[in-house]
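Presented below is the structure to which this report refers.
Letters A, B, ... are given to chains in the order of the sequence lines, protein chains preceding strands, and every chain is numbered from 1.
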There are 2 protein chains.
Amino acid sequence: MPITIKDIASELNVSATTVSRALKNDARISVEVREKVKKSAAKMGYRPNLMAKSLVSSRTDAIGLLVDNLSWSFFSELAERVQNAAEKHGYSVFIYSSQKSAGLEKAGVERFMSRGIDGLLVYATEKEENRAFYSELDKLGIPVLFFNHFLRMDVNCVTTDDYDGTIQAIRHLGSLGHRRIAYVGSGEESSFKQQRLAGYRDGLNELGVEASPHWIGLEEDDPAYGYRKVKAWLAAPADERPTAVFAQNDMLAFGIYRAAAEAGLRVPDDLSVIGFDDLDVCQLMHPPLTTVRIPLKQLAEAAIRFMLDRFAAEAGGEAVRLKTTLSPSLIIRQSTAPLKQ
Amino acid sequence: MPITIKDIASELNVSATTVSRALKNDARISVEVREKVKKSAAKMGYRPNLMAKSLVSSRTDAIGLLVDNLSWSFFSELAERVQNAAEKHGYSVFIYSSQKSAGLEKAGVERFMSRGIDGLLVYATEKEENRAFYSELDKLGIPVLFFNHFLRMDVNCVTTDDYDGTIQAIRHLGSLGHRRIAYVGSGEESSFKQQRLAGYRDGLNELGVEASPHWIGLEEDDPAYGYRKVKAWLAAPADERPTAVFAQNDMLAFGIYRAAAEAGLRVPDDLSVIGFDDLDVCQLMHPPLTTVRIPLKQLAEAAIRFMLDRFAAEAGGEAVRLKTTLSPSLIIRQSTAPLKQ
DNA sequence: TAATCTAATGCGAACGTTCGCATAAAAAAT
DNA sequence: ATTTTTTATGCGAACGTTCGCATTAGATTA
């Protein structure tokens, strides 16, 4: 069975306390003993039992990450960054995928809490029925940080400026001469979607164009919707088609490529496409996708930094609300081109 | 501070033992007391402290999952399935991404162990230098299961029959009339790659074709390699080009689509492409990718089942080695077509 | 009515740590 | 030589559970 501190202690004829202290380099223990203990620990294959440590310190050095669906590239790329950032500071990450279910979202938090986590990171579904639940997460007694916007909610957030990112995208299309710019997305239930839509509207206004409801597709929350919706638009006569499409996320852009190809149109010559997220696959697509990059690494690092700060503060005065917004950047690749005359 | 069993005990003027037993429906506690305790627990917001429970039971109800890189769709889709399957049985999943580094692979296991996990699931990099390390994982004292093949290694494995999957793919291409079939992949260091390559060779043999080294690309381990390699092949005169390409994984297929497009060729009319894995994106590609499906859900469920069995056995006689192989299935979509005359 | 049995509950130790508060020995100061 | 200081170590409780072994009270039997 696993080696404990006591095994080392009796091996060396010292107390468990001494071993415990020696292992954490406590100055009270003489250097020789410290060395001796560490050597034995290594030789005997000692592994500290974090369960026991946690029980006394009531800290687990683990962070919970709740996401919509881990199999979606956006979330897994985020999770990877979060894990890396956490690991760097000695924290482990528990991941729970809510599968977009409000119920599982609650169950996940419940599980996290009894498992014992020091902090909670959430990318929530923003389901209406879980609204109250989100704001109550604060009462869990551990730091909670959202990757959601939740503008009007009194919670901690680290987010990207979706509005700004979308404006950048529309301006880019505008500068290429496009005016008939469509929007493909899904619903308005979550704040990032609202912001991207608002950015789209205002971006068009800047170009002196009024957004037409006809060219805003929001009906379904499915990556394949991009295909269906754009296919319908492209069925119209040439002068009634959009010349560029803004996709609310990169996955939708896939379907748009397909719709274009099936309509006999080329991207970007006949149709410019712009995405949002900058997933790894964007570079592999043909043509490589112009998109708005969400700085996932910085987002993850800011999140972990927030946690570390809160852990350090620990009752050190009232912790103030954090609302951090990172700037997205437009990554121009080859899916956008000047409007053909 | 969090509610403990003692809080409930003093609230109800019973002992902590009684509360503990009542909560797990121990028949020794009268029904009335059981109900009373449960009611109070719910009202007071009691959450069992799994740390404490673990300390005494030395079980954590957590499983570790070690993968190459969580941000790759294949691994994240697998992780999602594993998480779902584990959750169903009350187990949590700790994910650690080794980032394809042999060192981090070891560090991850170290971390898992001191954190305390009941079982370990591994998708290893198969780096030569970690060979010994893999076989020693057995000595950790917990069940260990690999998603790798490790044919000649004495470890537990749940895998897909990569050889068979590839044969199916080649047969499919053969039945469409293709004979000049190329292979794009990376190295031969890991067993699944060896198997796919062997399947390719034997599949060609069945068609009466000898595999030509010229049409086997293995130089780089990078999704963009599919693009580069196929682009080179397609630069040759028409009758010296492959008419179909087998991609060792779906991601490579992306680049192949691009190479084809840039060479002015259409998929599947001028070039058939077949992938491996069946990632979610396959359906979104244009054209939707014909591919060999790895049954991730079944793989994950088999893995969890294995764990549950081992937990239940618990010193119940010598546990026998498990080598489970699930059958992949060919998913025919629209990236393969009959050879043009 | 005393002895035995059953049902319901409680006591106290244990799991592997950490930490406050001794204690002991050696060194320094008086 | 005695007191004070310093240095190094140990004791025992605590964290929140679980579990073996009492203990108590009421019911049953002789």
Side-chain angles (χ1 to χ4, degrees), chain A residues 1-38 40-41 44-62 90 112-118 141-142 311 314, chain B residues 1-38 40-41 44-62 90 113-118 141-142 314:
Chain A
M1 289 298 93
I3 307 295
T4 76
I5 245 176
K6 283 185 191 165
D7 298 325
I8 306 179
S10 62
E11 178 82 11
L12 297 176
N13 284 312
V14 294
S15 74
T17 310
T18 301
V19 174
S20 171
R21 290 187 179 135
L23 289 174
K24 36 176 58 63
N25 253 314
D26 192 305
R28 282 175 296 181
I29 304 298
S30 67
V31 194
E32 308 91 68
V33 176
R34 267 189 260 170
E35 289 313 314
K36 211 169 53 176
V37 168
K38 284 190 219 160
S40 284
M44 301 174 71
Y46 169 73
R47 281 203 198 86
N49 182 325
L50 294 193
M51 302 289 124
K53 193 181 288 195
S54 297
L55 192 56
V56 39
S57 66
S58 60
R59 329 208 79 259
T60 54
D61 295 349
F112 276 150
M113 288 317 291
S114 56
R115 175 140 321 264
I117 50 168
D118 293 344
I142 55 169
F311 298 158
E314 193 79 332
Chain B
M1 288 298 91
I3 307 295
T4 76
I5 244 176
K6 284 185 192 165
D7 297 324
I8 306 179
S10 63
E11 178 81 11
L12 297 176
N13 284 312
V14 294
S15 74
T17 309
T18 302
V19 175
S20 171
R21 290 187 178 135
L23 289 174
K24 35 177 59 61
N25 254 315
D26 192 305
R28 283 175 296 182
I29 304 298
S30 67
V31 195
E32 310 91 68
V33 175
R34 268 189 260 171
E35 290 312 315
K36 211 169 52 175
V37 167
K38 285 189 219 160
S40 284
M44 300 173 72
Y46 168 73
R47 282 202 197 86
N49 181 325
L50 294 194
M51 302 288 124
K53 192 179 289 194
S54 298
L55 193 56
V56 38
S57 67
S58 60
R59 326 208 82 261
T60 55
D61 295 350
M113 288 317 290
S114 56
R115 176 141 319 265
I117 50 169
D118 293 344
I142 55 169
E314 193 80 333

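Residues A/I8 and A/S40 share a closest heavy-atom pair of CG2-CB, 4.1 Å. Contact record, B/D7 with B/P2: OD2-O, 3.8 Å, taken as the closest heavy-atom pair. Closest heavy-atom contact between B/P48 and B/K53: CB-NZ, 4.4 Å. Closest approach of B/A16 and B/I5 over heavy atoms only: CB-CG2, 3.7 Å.
Between the CD1 atom of B/I8 and the P atom of C/dG10 there is a distance of 14 Å, rounded to whole Å. In this entry the distance linking CD1 of A/I29 with P of D/dG10 reads 8 Å, nearest Å. A/D26 places its CG atom 12 Å from the C1' atom of D/dT7, with the value rounded to the nearest Å. Atom pair B/K36:NZ and C/dT9:C1' shows a separation of 12 Å (rounding to whole Å applied). Nucleotide C/dT18 holds its P atom 12 Å from the CZ atom of A/R28, rounded to whole Å. Atom CG in B/L55 sits about 4 Å away from atom C1' in C/dC15, given to the nearest Å. Rounding to whole angstrom units, CG of residue B/N13 and C1' of C/dA8 are separated by 16 Å. Atoms CZ (A/R59) and C1' (C/dT17) sit 16 Å apart, rounded to a whole Å.
Here the side chains of A/R115 and A/T60 are not in contact, with every heavy-atom distance at 4.5 Å or above. Using a 4.5 Å cut-off on side-chain heavy atoms (C-beta onward), B/D118 and B/D61 make contact.
Look at B/T4 and you won't find any side-chain N or O under 4.0 angstrom from OP1 or OP2 of D/dC15.
In the region residues 16-24 of chain B, proximity to DNA chain D at under 4.0 angstrom, judged on heavy atoms, holds for B/T17, B/S20, B/R21, B/K24.
Between B/S15 and A/A52, the residue whose closest nucleotide on DNA chain C is further toward the 5' end is B/S15.
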